[in-house]
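Just so we're clear, the structure is a prediction, and the values are computed from it rather than from any experiment. Side-chain atoms are counted along with the backbone in the values below, which use heavy atoms only and exclude waters and symmetry mates.
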Amino acid sequence: MRKFIHADKGVTAKLKAIFKCSDRTIRNALTYDENKGNSALCKKIRFAALQYGCHTYTVDKEGECFHDEVDGIMWCLYPNGAQLGLNKITGVGEIIYKGDVVAQYDNVKLTDIPAIQAKALAF
């Protein structure tokens, strides 16, 4: 999961003036750059950005779920093309990938769903 702090040009300019550093240093700090974004200066820049009203955002894998009330199935669609169908009446769950059922689960409980979703994302 990737995270970053969103700052507009005005805040970026203020941070650059306060810390007397380059645009690249500000960018490294606000994007939590793995190689150059963990210095003491970068931590101070992030702290100041949050004080100026900026917010931290995270980027995660996206999925979409919808409920088919007619058939009683909850469908989850993932960016890799996998589909997860959970039948609310029978308790059966299926992972469908490229048109084929690749995994089937009986008596699915709510606590089982995150692990099943992780398997669907792994395809």
message = What I'd like to find out is whether the side chain of F4 reaches to under 4.5 Å of the side chain of T56, using heavy atoms alone.
response = no

Minimum side-chain heavy-atom gap T25-S39 below 4.5 Å
no

* Take L77 and F66, measure what side-chain contact (heavy atoms from CB on, under 4.5 Å) needs, and give me the verdict at the end. => CA-CA 9 Å; L77 310 175; F66 63 93; 3.8 Å; yes

Exercise. If we only count heavy atoms from C-beta on, is the I113 to V108 side-chain gap below 4.5 Å?
Worked result: yes

query = Does I96 reach the side chain of V102, with side-chain heavy atoms less than 4.5 Å apart?
reply = no

For the CZ atom on F123, are there more than 12 heavy atoms of other groups (residues, nucleotides or ligands in this structure) within a distance under 6.0 Å? yes

Verdict with supporting geometry, Q83 and Y78, side-chain contact (heavy atoms from CB on, under 4.5 Å): CA-CA 6 Å; Q83 300 174 7; Y78 299 104; over 6 Å; no

Original post:
So, are K88 and E69 salt-bridged, with charged N and O less than 4.0 Å apart?
Top reply: yes

Cation-pi between R46 and Y32: NZ/CZ under 6.0 Å from ring centre and within 45° of the ring axis? yes

Please test L30 against C54 for side-chain contact (heavy atoms from CB on, under 4.5 Å), starting from the C-alpha separation and ending with a verdict. CA-CA 10 Å; L30 298 181; C54 298; over 6 Å; no

Checklist entry - Can you check side-chain contact (heavy atoms from CB on, under 4.5 Å) on K36 and C42, steps first, answer last? => result CA-CA 8 Å; K36 297 182 180 182; C42 288; over 6 Å; no

Just so I know, are the side chains of E94 and L84 near enough to count as touching, which here means a heavy-atom distance under 4.5 Å? no

Q.
Can you confirm whether Q51 is buried at CD, in the sense that more than 12 heavy atoms of other residues, nucleotides or ligands lie under 6.0 Å from that atom?
A. yes

